[in-house]
Trainee: 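Take a look at this one; I'll ask things after.
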Amino acid sequence: MATTRSAHTVWEGSLIEGSGVVNFDSSGAIEAQPVTWASRSQDANGKTSPEELIAAAHSSCFSMALSHALNGAGTPPTKLITSADVSFQPGEGITGIHLTVEGTVPGIDNDAFVAAAEDAKKNCPVSQALTGTTITLSAKLS
């Protein structure tokens, strides 16, 4: 069954001086979050950015895809710790995403883990949605 998740942003003012609030409509699990150009292009200062939201989506999607693949191979993970670093350059846009994953996976060697991680990087739905961006990966067992 297909699902749809929704969010909306209310923005007031110009790009440089303005500000917005991102609202997570589908779940309400995250309080409304402030966003500004400065939080996107300089220091976060307690505000989010589109790139941080992409990083959250990508790290969680990748973790699910890798967990599913490892389980399907008969080596379910005990724990996966995934981070996503989304790089943004004003004037250019998103210039790359780097995923880092460390896993506790009984019964698998590091080469097999890295191969499974590479496959998850390629096939997770968020990676596929971001195919116009260079996505790199560092993977290792803990």
Side-chain angles (χ1 to χ4, degrees), residues 1-106 108 110-142:
M1 174 177 14
T3 60
T4 301
R5 300 294 182 256
S6 302
H8 78 276
T9 300
V10 177
W11 186 269
E12 296 179 346
S14 68
L15 173 63
I16 304 300
E17 291 87 24
S19 63
V21 177
V22 180
N23 296 274
F24 299 85
D25 301 332
S26 299
S27 68
I30 302 169
E31 291 182 27
Q33 295 296 309
V35 62
T36 64
W37 174 251
S39 69
R40 184 177 196 184
S41 62
Q42 300 166 26
D43 291 327
N45 290 322
K47 298 174 180 72
T48 194
S49 69
E51 291 72 29
E52 183 177 42
L53 298 171
I54 290 169
H58 205 176
S59 66
S60 60
C61 182
F62 172 85
S63 294
M64 287 186 233
L66 181 54
S67 175
H68 181 66
L70 291 166
N71 190 61
T75 54
T78 303
K79 186 177 195 178
L80 298 172
I81 301 171
T82 304
S83 63
D85 298 310
V86 178
S87 299
F88 174 76
Q89 177 64 46
E92 287 183 51
I94 294 173
T95 57
I97 300 171
H98 185 72
L99 297 168
T100 303
V101 62
E102 185 172 325
T104 304
V105 187
I108 195 171
N110 198 67
D111 289 344
F113 180 71
V114 170
E118 285 288 348
D119 189 60
K121 178 190 82 158
K122 182 175 122 185
N123 292 308
C124 94
V126 171
S127 289
Q128 291 178 348
L130 299 170
T131 55
T133 302
T134 300
I135 302 169
T136 56
L137 172 71
S138 298
K140 67 177 183 176
L141 290 172
S142 41

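Throughout, residue positions are numbered sequentially from 1 according to the sequence presented. What you see is a predicted model, and the numbers here were worked out from it, not measured in a lab.
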Trainee: Ile97 vs His58, test: side chain to side chain contact (heavy atoms under 4.5 Å, CB included). Steps then yes/no.
Mentor: CA-CA 9 Å; Ile97 300 171; His58 205 176; 3.5 Å; yes
Trainee: Testing the basics here: between Ala56 and Ser60, what is the closest heavy-atom pair and its distance to 0.1 Å?
Mentor: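 Scanning both residues completely, I find the closest heavy atoms to be O-OG, 3.0 Å.
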Trainee: With a 3.5 Å distance limit and no angle check, can you tell me whether Asn110 reaches the backbone of Leu141 through a side-chain donor-acceptor pair?
Mentor: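 Yes, Asn110 side chain to Leu141 backbone: donor-acceptor pair under 3.5 Å.
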Trainee: Restricting to non-hydrogen atoms, name the atom on Glu52 and the atom on Lys47 that form the minimum distance, rounded to 0.1 Å.
Mentor: OE1-O, 4.2 Å
Trainee: How many angstroms lie between atom CD1 of Ile94 and atom CD1 of Ile54, to the nearest 0.5 angstrom?
Mentor: 3.5 Å
Trainee: In this structure, are over 12 heavy atoms from other groups packed under 6.0 Å from Glu31 atom CD?
Mentor: no
Trainee: Please give me the minimum heavy-atom distance between Thr133 and Gly96, naming the atom from each residue.
Mentor: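 Closest heavy-atom pair between Thr133 and Gly96: CG2-CA, 3.8 Å.
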Trainee: For Gln33 and Leu53, what are the C-alpha separation, side-chain angles and deciding distance, and is it a side chain to side chain contact (heavy atoms under 4.5 Å, CB included)?
Mentor: CA-CA 10 Å; Gln33 295 296 309; Leu53 298 171; over 6 Å; no
Trainee: Give a yes or no on whether the backbone of Thr48 and the side-chain of Ser39 come within a donor-acceptor separation of less than 3.5 Å.
Mentor: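 Yes, Ser39 side chain to Thr48 backbone: donor-acceptor pair under 3.5 Å.
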Trainee: Is there a donor-acceptor pair under 3.5 Å between the side chain of Ser127 and the backbone N or O of Asn123?
Mentor: no
Trainee: Taking all atoms of both residues into account, what is the closest heavy-atom pair of Leu99 and Ala84, and its distance?
Mentor: CD2-CB, 3.7 Å
Trainee: Any donor and acceptor pair, going by atom type alone, linking the side chain of Ser6 with main-chain N or O of Ser26 inside 3.5 Å?
Mentor: no
Trainee: Nearest 0.5 Å, what's the CD-NZ distance between Glu102 and Lys79?
Mentor: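 The NZ atom of Lys79 is 9.0 Å from CD of Glu102, to the nearest 0.5 Å.
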Trainee: Give the minimum heavy-atom separation between Phe62 and Ala120, together with the two atoms involved.
Mentor: CE1-CB, 3.7 Å
Trainee: So, for Ser49 and Val35, which heavy atoms are closest and what is the spacing to 0.1 Å?
Mentor: CA-CG2, 4.0 Å
Trainee: Keeping the roles fixed (side chain from Ser41, backbone from Trp37), state whether a donor-acceptor pair exists under 3.5 Å.
Mentor: yes
Trainee: Keeping the roles fixed (side chain from Trp11, backbone from Gly13), state whether a donor-acceptor pair exists under 3.5 Å.
Mentor: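 Confirmed, Trp11 side chain pairs with Gly13 backbone.
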Trainee: Is the count of non-hydrogen atoms from other residues, nucleotides or ligands lying under 6.0 Å from Gln128 atom CD greater than 12?
Mentor: yes
Trainee: CD1 of Ile30 to CG of Asn23: how many Å apart, nearest 0.5 Å?
Mentor: 11.0 Å
Trainee: Kindly list each side-chain donor-acceptor pair under 3.5 angstrom involving residues 64-78, sequence neighbours excluded, with atom names and distances?
Mentor:
residue: Thr75; atom: OG1; partner: Leu70; partner atom: O; Å: 3.3

Trainee: Rounded at 0.5 Å granularity, tell me how far CD in Glu118 sits from CZ in Phe113.
Mentor: 11.0 Å
Trainee: Using distance alone, with no hydrogens and no angle criterion, decide if Glu17 and Ser14 have a side-chain donor and acceptor under 3.5 Å apart.
Mentor: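 On atom types as modelled, these side chains qualify, holding a pair under 3.5 Å.
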Trainee: How long is the gap from OG1 on Thr82 to NZ on Lys121, to the nearest 0.5 Å?
Mentor: 13.5 Å
Trainee: Under the side chain to side chain contact (heavy atoms under 4.5 Å, CB included) criterion, do His98 and Ser87 qualify, and how do the steps go?
Mentor: CA-CA 8 Å; His98 185 72; Ser87 299; over 6 Å; no
Trainee: Do the side chain of Ser142 and the main chain of Gly103 share a donor and acceptor less than 3.5 angstrom apart?
Mentor: yes
